[in-house]
Amino acid sequence: LGHGGGGVLSAELIEQVILPAFGGAPAGGLRDSALVDVPAALADGGRLAFSTDSYVVAPLFFPGGSIGDLAVHGTINDLAMSGALPLMLSCGLILEEGLEIDTLARVARDMGRAAHAAGVPIGTGDTKVVGQGHADGLYVNTAGIGVVPAGVEIGPARARPGDVVIVSGPIGEHGVAILSQREGLEFGTTLRTDSASLHRMVAGLLSAGIDVRVLRDPTRGGLAASLTEIAADSRVGVVLDEAAVPVPDAVAAACGFLGLDPLHVANEGKLVAVVAPDDADPALAVMGADPAGRGAAVVGSITDAHPGLLVGRTRLGARRVIDRPLGEQLPRIC
Amino acid sequence: MPDERATFLVRGVVQGVGFRPFVHRLAHELGLAGSVRNTSVQVVVDAQGPPGALRELGRRLRDDAPALAAVIDVEAVPAVVDPALRGFAILGSDDEAGARTLAPPDSATCPDCLRELFDPADRRHRHAFITCTGCGPRLTIIRDLPYDRPRTTLAHLPMCARCAGEYDDPLDRRFHAQPISCHDCGPRLWWAVVRGGRPARVRASDDECLRRAVRSLRAGGIVAVKGVGGFHLACSALDGHAVRALRARKGREAKPLAVMVRDLDTARALTHVSDAEAAQLTRPARPIVLLRRRDDAAWPVAAEVAPGTGELGVMLAYAPVHHLLFADGAPPVLVMTSANLSGEPICYRDEDALTHLAGVADALLGHDRPIAVPCDDSVVRVVDGAVMPLRRSRGFAPLPVALGVGPAGATTPVVLAVGGELKATACLLVGDRALLSQHLGDMQSLAGQDALAFAARHLARLADARPEAWACDLHPDYHSTRWAQRRHGDLPVVRVQHHHAHAAALLAEHGRLGDDALVLTFDGTGYGSDGGVWGGEALLLGADVGRFARVGHLRAVALPGGDAAVAEPWRVALAHLAQAGVAWTRDLAPVRAAGSRALLLRQVLGSGVGAARSTSMGRLFDAVASLLDVCQDQRYEAQAAIELEQAALAAARGRPARACPVTLPVTATGVALMGAAVTGVAEDHADRDPVVIDPAPALAAIVAALRRGAPAEVIAWAFHSWVADCAVTWAEAIRARTGTATVGLSGGVFSNALLVAATRDALAARGFEVLTHAVVPAGDGGLALGQAVVAAARLAP
Ligand SMILES: [Fe+3]
Ligand SMILES: [Mg+2]
Ligand SMILES: [Zn+2]
Ligand SMILES: [Zn+2]
């Protein structure tokens with residue numbers, strides 16, 4: 001990729017590389033903005049959900065995925081966590097001069113494929129080229145809109161004592177996969193990212209009539225960050241049964257070596273659900289039916305003891321307070 | 001000479017310890033007339049008689065005070081002579097405004113009570129709660145001050161008429177002994193058996209409870225025994241099977257367990273006990289004392305009790321129930337370890353014991369005198385005749401540390417310091433007194449945080465003072481830091497660098513705050529003022545206690561895996577070898593221990609991920625322990641350092657200190673630079689041309705010595721000498737720059753007796769004044785004290 005900022009080049013890029021990857025130009029040609037039909041659910045008291053996120057991950061490609069599908073899944077999942085059914089995504093690309101066209105093509109292909117599989121079109125977008133050294137190869141921004149059906153109230157402050165905490169599958173794979181790829185660490189087994197879109201699983205929970213109180217995708221900061229946020233926002237205590245948290249052996253081994261707590265490691269295709277006490281089993285059944293929900297497990301509960309705190313119950317029965325580290329995990333043992 | 005009259009105002013721990021009867025006896029002996037009374041803030045002695053006798057009284061009020069008293073201050077005020085004054089009276093108590101008298105710590109059963117306990121003719125024969133003004137529980141039963149029975153955990157048990165008579169008789173040994181009781185009116189023992197994981201209380205007399213406990217212990221059972229500050233888990237220390245079971249059930253693999261024996265003779269039959277150690281064993285606080293085991297011990301203590309060390313932590317029976325168990329035939333050496341889950345505070349409530357200990361103990365021996373304040377046993381060791389506290393808890397807390405600066409109640413704000421992350425204590429600084437809490441456990445645990453909250457409230461109640469500021473560590477992720485940030489409300493929180501706090505604690509306990517001193521803080525790890533990971537520092541403190549200059553440190557090395565590397569010393573050893581340019585060859589123990597993980601470790605070192613660089617001296621001990629193959633797998637805190645010390649001691653025994661065939665080079669840079677002292681430091685901290693010691697040449701020399709076939713013990717000894725030499729290097733360099741000739745030794749690494757002795761000797765030989773810890777632990781148990789005084793200094797107007 002040579003010339004920066006040029007209009008002609010950008011147009012060529014879009015026409016020859018990006019649009020085909022995204023599944024061709026929209027019906028009616030390229031416009032300045034995408035048009036979206038108003039879904040019936042909106043007229044019926046539903047609400048629009050609108051979310052955006054930028055992706056600056058390095059490396060761009062890693063076992064099981066790339067920045068491309070990450071950008072699609074991430075925004076779809078952010079919409080899904082408020083109970084929304086995603087309608088459309090946008091895509092903004094910031095490209096560094098000197099980037100291989102092939103690399104761009106691969107990323108665009110991954111985005112198109114992920115959007116197609118999720119059934120959510122990328123309806124609008126933008127591309128900018130910046131000078132060398134001004135971006136780490138390529139950055140992606142996606143935004144998305146979706147519809148939250150009437151009556152669906154999912155929010156971080158809605159957890160209540162007695163509720164049950166469910167995680168949709170094994171944790172830590174994404175973060176460890178990226179880290180080991182980036183730093184050239186060979187842990188013996190190759191971990192793959194769990195990147196996946198979760199809106200269908202969420203739709204499944206809602207259509208099964210499950211009283212979903214809170215949904216979070218435990219991305220940056222991991223499961224611990226999601227649960228401490230729930231504890232703070234809902235002013236409740238969260239008890240985590242540490243033995244019940246599904247941690248793949250390879251993740252446990254890698255984290256053990258690096259001195260990381262798997263609870264703080266990022267995930268991409270996982271969600272944490274807080275559901276009403278009686279809804280745990282049906283929720284597990286719905287999650288288990290989705291390919292992204294294999295290995296779903298009840299991992300904890302909500303309590304009125306220790307409001308605002310996440311407390312892990314260790315295998316030996318001791319209870320430890322789990323705070324979110326402020327930065328790099330620095331040694332604490334004196 | 002005509003009579004004179006004076007009022008003596010006595011402050012400190014002077015109530016609930018038999019102080020007024022003591023004054024009464026003293027007055028009679030000296031032929032003085034007058035009275036003694038308690039107020040809420042002091043004991044007031046009014047005395048009239050010959051001037052010589054009055055002077056003698058003033059002296060003896062301080063010097064001859066009862067064993068449990070801690071007199072901080074005696075002030076004499078002249079008064080008008082009353083020729084009609086006759087006799088000496090003990091008067092009642094009244095209220096007075098001011099700083100309260102201090103709560104006494106718990107004390108072991110005294111000889112008088114022991115005699116009665118085993119005297120069939122005494123009405124308290126075999127009464128498991130026998131106590132007098134000279135002994136018994138104090139802090140652990142006090143809910144509030146002033147210390148009176150209704151504010152203790154015996155409030156629910158009214159005294160019988162005979163006990164009340166003793167309580168009211170000024171000349172009785174039990175005059176105003178708040179916890180007194182007898183068979184008729186006192187608490188009762190209870191017994192519960194665990195069957196199928198569920199405890200079931202069994203109706204039984206006190207004697208029957210004791211009989212069952214003894215039977216269970218003799219049969220190899222594990223019995224949870226409620227004592228003074230909480231429950232112990234007890235089993236026969238002679239029964240390897242029982243000890244293994246205890247370890248397995250408690251999830252405590254390797255950390256040495258303390259034992260309890262009935263008396264000093266039994267301790268001497270197991271271990272070598274010097275006079276200074278005997279004094280520690282028998283003092284009212286009855287701490288656990290680390291003692292060297294005898295080869296010809298009278299009883300074979302099972303190897304499982306204290307593997308990997310030639311020492312044994314021994315304490316003497318200190319509660320009546322312990323004495324009764326031994327008298328009734330319990331095994332002569334009992335493992336007595338705090339009943340808790342790893343890292344959590346000691347279990348002390350009956351309901352908690354019944355639920356949490358059912359999976360660990362076969363039975364429980366409890367009693368119905370509630371414990372208000374949980375308190376673990378204290379731990380000390382004796383180095384060259386001087387006591388060195390390792391854990392300051394039962395029998396010491398909440399005795400104040402007198403800072404020896406400023407007038408009482410001076411303008412310094414009341415500061416609550418919350419301590420560190422592990423082995424934490426809290427500290428409340430009020431004027432020139434620092435009240436240090438009992439051991440609170442690890443702050444990661446919810447129960448530890450609850451214990452911190454409770455201790456903070458309790459200290460404030462005991463001192464009748466409200467904190468005006470809080471102090472905590474600089475580490476953003478310490479659970480105590482987070483706790484302080486969540487809870488401080490409107491009060492300012494001062495964050496104090498970890499090693500600054502260690503250094504200030506040392507100076508505080510010596511009453512030397514504000515003096516110029518170089519403090520060597522050798523530690524595990526602590527968060528540095530520059531965001532780095534410190535632990536082998538030379539800090540210069542001066543007139544402004546709130547600031548310090550970092551004038552020396554070890555050269556930093558990667559700590560691959562951070563805290564995870566602590567469990568596996570070979571990782572740190574490999575990092576050091578890499579930095580020293582020593583190839584990882586299979587003849588080196590850490591390379592063998594790493595096996596196939598060496599490749600991954602090299603990648604981690606290359607990437608730097610999870611491998612923050614640290615100047616830690618503690619981790620250097622780990623690295624050397626790994627190189628010498630003394631320890632590759634650390635299963636409790638400081639195991640590698642402890643085993644390295646043991647190895648060095650094996651070489652040192654019977655050998656003149658400096659006649660070591662291996663010497664390790666001290667390689668320092670920056671010695672010639674001329675940095676300024678603390679004066680002129682504008683910020684809280686500044687690096688001042690630090691003298692940096694690089695351990696790499698010493699490690700290379702160790703490898704060379706190993707390859708020459710030098711024994712590990714000899715190299716371990718040489719390494720201890722090297723650390724002492726480093727101390728000298730730093731001290732000499734800083735003395736040359738600043739003239740400072742006072743050197744303090746603090747930080748957890750100085751829990752190592754051999755190192756303390758070697759370093760002190762080396763420094764003293766060059767004319768340095770050396771300060772070591774004698775009141776608070778060198779490790780993080782003393783941290784809160786330093787945090788408090790640093791915060792006060794920063795906040796002072
Ligand atoms: Fe420390
Ligand atoms: Mg997101
Ligand atoms: Zn007594
Ligand atoms: Zn009685």
Side-chain angles (χ1 to χ4, degrees), chain A residues 58 175-176 178-189 224 228 231-232 235 237-240 242 250 252-262 264-265 303 305-334, chain B residues 250-251 340-344 356 359 420-423 442-449 475-479 482-483 486 498 523-527 531 533 535 559-566 596-597 599-601 603-604 606-612 614 616 618-619 637 747-748 779-780 783:
Chain A
V176 172
I178 298 251
L179 184 72
S180 42
Q181 176 83 8
R182 183 174 64 218
E183 306 294 346
L185 307 177
E186 295 158 38
F187 286 110
T189 43
T228 49
R235 294 165 200 272
V238 178
V239 178
L240 186 67
E242 296 198 38
C255 287
F257 202 84
L258 297 171
L260 300 175
D261 186 335
H264 298 308
V265 173
T303 172
H306 53 80
L309 289 187
L310 168 63
V311 171
R313 219 186 2 237
T314 64
R315 272 157 230 273
L316 280 172
R319 289 176 302 162
R320 63 163 180 145
V321 177
I322 303 173
D323 286 323
R324 192 179 166 177
L326 282 184
E328 188 192 354
Q329 288 181 42
L330 286 175
R332 284 190 299 228
I333 295 180
C334 178
Chain B
K250 203 185 164 189
N340 59 356
L341 293 163
S342 168
E344 294 210 334
H356 298 329
E421 176 78 355
L422 306 175
K423 298 175 296 186
D442 296 351
M443 286 305 117
Q444 174 175 261
S445 91
L446 183 64
Q449 296 192 6
H475 199 311
D477 290 333
Y478 267 15
H479 286 84
R482 295 295 185 87
W483 187 87
R486 276 199 301 275
H498 191 88
D523 213 6
T525 58
Y527 191 84
V533 183
L559 211 54
D563 279 341
V566 175
S596 61
R597 292 170 293 187
L599 177 65
L600 188 52
L601 193 83
Q603 292 167 352
V604 167
S607 76
V609 164
S614 171
S616 168
R619 298 292 85 84
E637 211 191 335
D780 285 4
L783 211 55

Heavy-atom pair count under 4.5 Å with chain A, highest-scoring of [options]:
options	value
B/Gly420, B/Gly748, B/Gly561	B/Gly561
B/Asp442, B/Leu599, B/Val604	B/Val604
B/His498, B/Arg597, B/Gln449, B/Glu637	B/Gln449

request  = Verify the neighbour count for atom CZ of A/Arg182: are there more than 12 heavy atoms of other residues, nucleotides or ligands below 6.0 Å?
outcome  = yes

task = Applying side-chain contact (heavy atoms from CB on, under 4.5 Å), run through B/Ser607 and A/Leu185 and close with a yes or a no.
result = CA-CA 8 Å; B/Ser607 76; A/Leu185 307 177; 4.1 Å; yes

task = Residue by residue, scan residues 305-314 of chain A and write down, ordered by number, those that have a heavy-atom distance under 4.5 Å to chain B; if none do, write 'none'.
result = A/His306, A/Leu309, A/Val311

request  = Kindly give the heavy-atom pair with the smallest separation between A/Gly256 and B/Ala564, and that separation in Å.
outcome  = O-CB, 3.4 Å

Closest contact, heavy atoms only, B/Val533 versus A/Pro331 = CG2-CD, 3.9 Å

message = I'd like to know if B/Arg486 and A/Asp323 make a salt bridge, using a cut-off of under 4.0 Å between side-chain N and carboxylate O.
response =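 A salt bridge is present here (some side-chain N lies under 4.0 Å from a carboxylate O).
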
Which portion of A/Leu179 sits near chain B, non-hydrogen atoms under 4.5 angstrom = side chain

Between [atom1] of [X] and [atom2] of [Y], what distance do you get to the nearest 0.5 Å?
X	Y	atom1	atom2	answer
A/Arg324	B/Asp477	CZ	CG	11.0 Å
B/Gln444	A/Arg320	CD	CZ	5.0 Å
A/Ile333	B/Asp780	CD1	CG	11.0 Å
B/Leu600	A/Phe187	CG	CZ	5.0 Å
A/Glu186	B/Gln603	CD	CD	4.5 Å

task = Would you please test B/Arg482 and A/Leu326 for side-chain contact (heavy atoms from CB on, under 4.5 Å) and show each step?
result = CA-CA 10 Å; B/Arg482 295 295 185 87; A/Leu326 282 184; 3.3 Å; yes

Counting only heavy atoms closer than 4.5 Å, note whether [X] contacts chain A via side chain, backbone, both or neither.
X	result
B/Leu559	side chain
B/Glu344	side chain
B/Leu601	both

key: Within-4.5 Å side-chain heavy-atom neighbours: B/Leu422 and A/Cys334   = no

message = Can you list everything that forms a ring-ring contact (aromatic ring centres under 6.0 Å, His included) with B/His479? Sequence neighbours excluded, please.
response = none

